[in-house]
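Presented below is the structure to which this report refers.
Sequence lines set the chain letters: A, B, ... in the order given, protein chains first and strands last, and positions in each chain run from 1. No hydrogens, no waters, no symmetry mates; every other heavy atom, side chains included, goes into these values.
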Amino acid sequence: MNYWLMKSEPTEFSIDDLALRPGLSEHWDGVRNYQARNMMRDQMKVGDGVLFYHSNCETPGVAGVAEISREAYPDFTAFDPAHPHFDPGSTPDNPRWLMVDVRFVRKLKRTIGLGELKDRPELDGLALIRRGNRLSVMPVTPEQWDFILALE
DNA sequence: GCCAACGTTGGC
DNA sequence: GCCAACGTTGGC
């Protein structure tokens, strides 16, 4: 079993939104980075743990826990010219982008802020806090997973 | 293959 | 709103 951190802007899709979805599950569209796509395609399995991270907002940080509920399949938002995530280079016959489904597990009692994560030497290797990091999907080690959730 | 220009991400 | 950092694009 693997662990992940996935970023979303809460104004677009937040942990609270996920909790309101039927079946508590929703597709995770809009990943447009090859490194992130490859991790989803090659490594993400049903049941993997996900730290739900709120980005580009008032309190950036880990806001909840989710799990992978469906493995990678074509991101259909790339096929729709009217969709903000449209990519003419991706077609149903030859999809360039993939998505997974995630299921709500729980919302944290408080958001564990980015600054707090940066302060912890135990998390030095975490991709999230590497300078200039732009991955929206990144791996988390079991040790990092336990450590972050213990901060709650 | 190089690299400048551009668009995006995301913290602040 | 600003801007640093990054990935992608495309001319050459």
How are the rings of A:H83 and A:H85 set relative to one another: parallel (under 30°), tilted (30 to 60°) or perpendicular (over 60°)? tilted
What integer distance in Å separates [X]:[atom1] from [N]:[atom2]?
| X | N | atom1 | atom2 | value |
| --- | --- | --- | --- | --- |
| A:R130 | B:dG10 | CZ | P | 14 Å |
| A:Q35 | B:dT9 | CD | P | 16 Å |
| A:R96 | C:dG7 | CZ | C1' | 13 Å |
| A:R37 | C:dG7 | CZ | P | 15 Å |
| A:R32 | C:dT9 | CZ | P | 13 Å |
| A:H54 | B:dT9 | NE2 | P | 17 Å |
| A:E9 | B:dT9 | CD | P | 7 Å |
| A:D87 | C:dT8 | CG | C1' | 12 Å |

Would you say A:K7 places a side-chain N or O within less than 4.0 Å of OP1 or OP2 belonging to B:dG10? yes
Whether A:Y53 contacts B:dG11 is assessed here as follows: a side-chain N or O lying under 4.0 Å from the phosphate OP1 or OP2. Is that the case? yes
Give the minimum heavy-atom separation between A:W28 and A:V102, together with the two atoms involved. CE3-CG2, 3.7 Å
Check against ring pair (Phe, Tyr, Trp, His ring centres under 6.0 Å), A:W4 and A:Y53: CA-CA 10 Å; A:W4 307 95; A:Y53 180 89; over 10 Å; no
Answer yes or no for A:R70 and A:Y73: cation-pi contact, defined as NZ/CZ to six-membered ring centre under 6.0 Å and angle to ring axis within 45°. yes
If you pin A:N56 and A:G132 to their nearest nucleotides in DNA chain C, which one's is more 5'? A:N56
Calculate, to the nearest 0.5 Å, the distance between atoms CG and CZ belonging to A:D16 and A:R21 respectively. 11.5 Å
Linking I/L/V/M/F/W/Y whenever any side-chain heavy atoms sit under 4.5 Å apart, do A:F13 and A:F76 land together? no
Partner of A:E152 by salt bridge (Lys or Arg N to Asp or Glu O under 4.0 Å), out of A:R110, A:K109, A:K107: A:K109
Using a cut-off of strictly less than 4.0 Å between a heavy atom of the residue and any atom of DNA chain B, enumerate the qualifying residues of residues 108-125 of chain A by number. A:L114, A:K118
